[in-house]
**Student:** 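Supplied in structure tokens, the structure appears directly below.
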Amino acid sequence: MPNTEERLKILVTHPEVPKDVLDLMSRGCDLIICHSLPPSRAEILEKSKGVDGMFWASHEALNAEVLDAAGPQLKAISTMSAGIDFVDVPELKKRKIPLGHTPTVLNSAVADLAIGLMIAAARRFHEGRLKIENSTWENFHINWMWGQDIRDATVGFYGFGGIGQEIAKRLAGFDIDRIIYSTRRRVATDIEKEFSASKVTFDELLTKSDILFVAAPLTEETAGIFNAAAFEKMKKKAIFVNVARGGIVNQEDLYDALKTNKIFAAGLDVVTPEPLSKNDPLMCLPNLVIVPHLGSATERTRTDMATIAAHNVLRGMAGEPMFAPAY
């Protein structure tokens with residue numbers, strides 16, 4: 001009988017990966033799909049044994065426990081995410097397992113949402129809805145429900161990578177005054193020229209921004225950096241928007257800043273924990289707009305993310321450079 005080459009196995013940690021993407025991976029590989037919703041870590045660990053690749057489509061911790069469960073034959077992993085704060089990167093590097101992720105493809109969708117949060121927070125959408133629900137619509141006052149103008153604003157960015165720059169593109173039609181940003185390293189000169197952007201210190205970012213977007217990764221350096229001391233330095237009319245990771249913000253301090261009007265309003269797509277309890281104190285604030293981590297939640301974006309992750313895994317198992325390597 002002719003020899004048949006054994007097909008490689010790919011673990012898919014979520015049952016709702018688009019069919020076209022599953023078909024792409026199944027042309028040359030066997031797929032082992034986890035069916036639990038929400039994803040069950042126990043099922044993931046059980047089905048990991050003996051796989052050659054992992055399509056990691058959840059925010060479950062990707063660490064030594066998972067790698068040990070899979071075994072030494074594991075060749076490649078890709079997350080279906082831009083952020084990899086749930087991945088034990090040093091452990092993967094130590095075992096020389098290539099890791100892919102899906103940056104850039106979600107930038108436009110996240111930037112669209114960020115602009116929506118900015119407008120909603122600045123113009124008091126949530127508070128206005130509450131006024132209707134509570135029968136306190138009092139527009140007979142001239143100064144009723146005044147919001148903040150975006151026109152002529154100084155817009156600050158904590159993190160000015162792909163997502164930050166996509167947000168900046170969308171600000172072009174708002175007649176803002178200028179863009180400032182705070183990052184570990186200065187962005188390229190041509191990017192600064194494109195957006196008329198200036199690098200400033202973190203303190204300057206806080207004190208000068210009328211609108212402040214958080215678009216940085218969650219790291220040891222950024223964790224909890226927006227705390228009571230930071231909010232104390234911000235303008236009383238400042239709008240704060242976080243589309244990065246909830247852990248970058250001390251939420252108790254944000255609650256206090258909004259409750260006591262140290263800042264005007266905020267818009268959050270990310271919180272800690274996720275999902276957030278309906279009884280969380282943040283949910284009681286009229287000057288806070290919260291949405292449930294919808295940044296990449298469009299059909300086109302999520303499908304593109306899945307496609308890139310699939311190519312990452314296939315290339316990694318073949319010993320080829322990944323489409324979007326994480327390191």
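The first residue of the sequence shown is numbered 1, and numbering continues consecutively from there.
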**Student:** Are there more than 12 heavy atoms of other residues, nucleotides or ligands under 6.0 Å from atom CD of Glu46?
**Tutor:**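 No, CD of Glu46 has 12 or fewer neighbouring heavy atoms, counting only those of other groups under 6.0 Å.
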
**Student:** Would you check if Leu285 and Tyr255 make a side-chain contact, meaning some heavy-atom pair closer than 4.5 Å?
**Tutor:**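 SC-SC contact between Leu285 and Tyr255 confirmed.
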
**Student:** Under 3.5 Å, is there a donor-acceptor pair between the side chain of Asp269 and the main chain of Gly295?
**Tutor:**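 Indeed, once roles are kept as given, a pair shorter than 3.5 Å links the two residues.
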
**Student:** Between the side chains of Asp68 and Arg95, is the shortest nitrogen-to-carboxylate-oxygen separation below 4.0 Å, so that they form an ion pair?
**Tutor:**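 Salt bridge flag = yes for Asp68 with Arg95.
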
**Student:** Side chains of Arg178 and Ile180, heavy atoms from C-beta outward: is any pair under 4.5 Å?
**Tutor:**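 Yes, their side chains come closer than 4.5 Å.
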
**Student:** A side-chain contact here means heavy atoms from C-beta on lying under 4.5 Å apart; do Glu232 and Lys262 qualify?
**Tutor:**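 Yes - at least one pair of side-chain heavy atoms lies under 4.5 Å apart.
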
**Student:** Among all residues two or more places apart in sequence or in another chain, which pass the side chain to side chain donor-acceptor pair (under 3.5 Å) test with Lys94?
**Tutor:**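 For Lys94 the side chain to side chain donor-acceptor pair (under 3.5 Å) partners, ignoring immediate neighbours, are Glu91.
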
**Student:** Is there a donor-acceptor contact under 3.5 Å from the side chain of Asn312 to the main chain of Met322?
**Tutor:**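 No.
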
**Student:** Are the aromatic rings of Phe226 and Tyr158 close, with centres under 6.0 Å apart?
**Tutor:**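 Distance test on ring centres: under 6.0 Å, yes.
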
**Student:** For Ala238 and Ser209, work out which heavy atoms get closest and say how close.
**Tutor:**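 The pair with the smallest heavy-atom distance is CB-O, 4.0 Å.
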
**Student:** Would you call Val243 and Phe213 a side-chain contact if the rule is heavy atoms closer than 4.5 Å?
**Tutor:**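 No, side chains not in contact.
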
**Student:** Between Lys19 and Asp23, is there a salt bridge with N-O shorter than 4.0 Å?
**Tutor:**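 Salt bridge between Asp23 and Lys19, a charged N being under 4.0 Å from a carboxylate O: yes.
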
**Student:** For the pair Lys75 and Asp52, find out whether any cationic side-chain nitrogen is under 4.0 Å from an anionic carboxylate oxygen.
**Tutor:**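 Looking at Lys75 and Asp52, the cut-off is met.
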
**Student:** Between Ile308 and Val12, is there a shared hydrophobic cluster once you connect ILVMFWY residues whose side-chain heavy atoms come closer than 4.5 Å?
**Tutor:**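 Both belong to a single hydrophobic cluster.
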
**Student:** Any sub-3.5 Å donor-acceptor pair from Glu138's side-chain atoms to Trp144's backbone N or O?
**Tutor:**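 No, because the side chain of Glu138 does not come within donor-acceptor range (under 3.5 Å) of the backbone of Trp144.
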
**Student:** State whether Arg170 and Asp112 are salt-bridged, where the test is any N-O pair (Lys NZ or Arg NE/NH1/NH2 against Asp/Glu carboxylate O) under 4.0 Å.
**Tutor:**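 Looking at Arg170 and Asp112, the cut-off is met.
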
**Student:** For Lys131, is the NZ atom crowded, meaning more than 12 foreign heavy atoms sit under 6.0 Å from it?
**Tutor:**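 Yes, the 6.0 Å shell around NZ holds more than 12 heavy atoms from other groups.
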
**Student:** Is the count of non-hydrogen atoms from other residues, nucleotides or ligands lying under 6.0 Å from Phe323 atom CZ greater than 12?
**Tutor:**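 Result for CZ/Phe323: open.
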
**Student:** Taking all non-hydrogen atoms of both residues, which atom of Ala310 and which atom of Leu24 are closest, and how far apart?
**Tutor:**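 Residues Ala310 and Leu24, closest heavy atoms: CB-CD2, 4.0 Å.
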
**Student:** Using 0.5 Å steps for rounding, measure from the CG atom of Asp280 to the CG atom of Leu282.
**Tutor:**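 Spacing of CG (Asp280) from CG (Leu282) equals 4.5 Å.
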
**Student:** To the closest 0.5 Å, what do you measure between OH (Tyr181) and CG (Leu212)?
**Tutor:**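 Rounded to the nearest 0.5 Å, the OH-CG separation comes to 15.0 Å.
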
**Student:** Would a 4.5 Å heavy-atom cut-off, applied to side chains only, mark Ile115 and Ile167 as touching?
**Tutor:**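 Heavy-atom side-chain distance check passes, below 4.5 Å.
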
**Student:** Quick one: does Ser48's side chain have a donor or acceptor within less than 3.5 Å of a partner on Ile44's backbone?
**Tutor:**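 Yes: the side chain of Ser48 pairs with the backbone of Ile44.
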
**Student:** Say whether, by atom type as modelled, one donor and one acceptor occur between the side chain of Thr102 and the main chain of Ser81 under 3.5 angstrom.
**Tutor:**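 Yes, because the side chain of Thr102 sits within donor-acceptor range (under 3.5 Å) of the backbone of Ser81.
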
**Student:** Group every Ile, Leu, Val, Met, Phe, Trp and Tyr by side-chain heavy-atom contacts under 4.5 Å, then state whether Met305 and Ile163 land in the same group.
**Tutor:**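 Looking at the clustering, Ile163 is in the same group as Met305.
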
**Student:** Is there a side-chain contact between Leu37 and Glu16 (heavy atoms, below 4.5 Å)?
**Tutor:**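 Heavy-atom side-chain distance check passes, below 4.5 Å.
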
**Student:** Answer yes when Glu192 and Arg186 have at least one side-chain N-carboxylate O distance shorter than 4.0 Å, and no when they do not.
**Tutor:**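 Judged by the 4.0 Å cut-off on N to carboxylate O distance, Glu192 and Arg186 do form a salt bridge.
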
**Student:** Looking at Asn287 and Phe264, what are the two nearest heavy atoms and their distance?
**Tutor:**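 Where Asn287 meets Phe264 most closely, the heavy atoms are ND2-O, 3.2 Å.
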
**Student:** Hey, is CZ on Arg41 packed in by over 12 heavy atoms from elsewhere, all under 6.0 Å?
**Tutor:**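 More than 12 heavy atoms, drawn from other residues, nucleotides or ligands, come within 6.0 Å of this atom.
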
**Student:** Within a strict 4.5 Å, meaning less than it, do heavy atoms of the Val66 and Glu60 side chains meet?
**Tutor:**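 Answer no - side chains too far apart.
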
**Student:** With a cut-off of 6.0 Å (strictly less than), are more than 12 heavy atoms of other residues, nucleotides or ligands near NZ of Lys259?
**Tutor:**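 No - once you tally the heavy atoms of other residues, nucleotides and ligands closer than 6.0 Å, there are 12 at most.
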
**Student:** Would you say Leu67 and Ile77 make side-chain contact, with heavy atoms under 4.5 Å?
**Tutor:**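 Yes, close enough: below the 4.5 Å cut-off.
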
**Student:** Can you list the steps and then say if Glu204 with Lys233 is a side-chain contact (heavy atoms from CB on, under 4.5 Å)?
**Tutor:** CA-CA 9 Å; Glu204 287 178 290; Lys233 294 174 182 176; over 6 Å; no

**Student:** Tell me whether the count of non-hydrogen atoms from other residues, nucleotides or ligands lying under 6.0 Å of CD in Glu320 goes above 12.
**Tutor:**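 Counting neighbours around CD of Glu320, more than 12 heavy atoms of other residues, nucleotides or ligands fall under 6.0 Å, so yes.
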
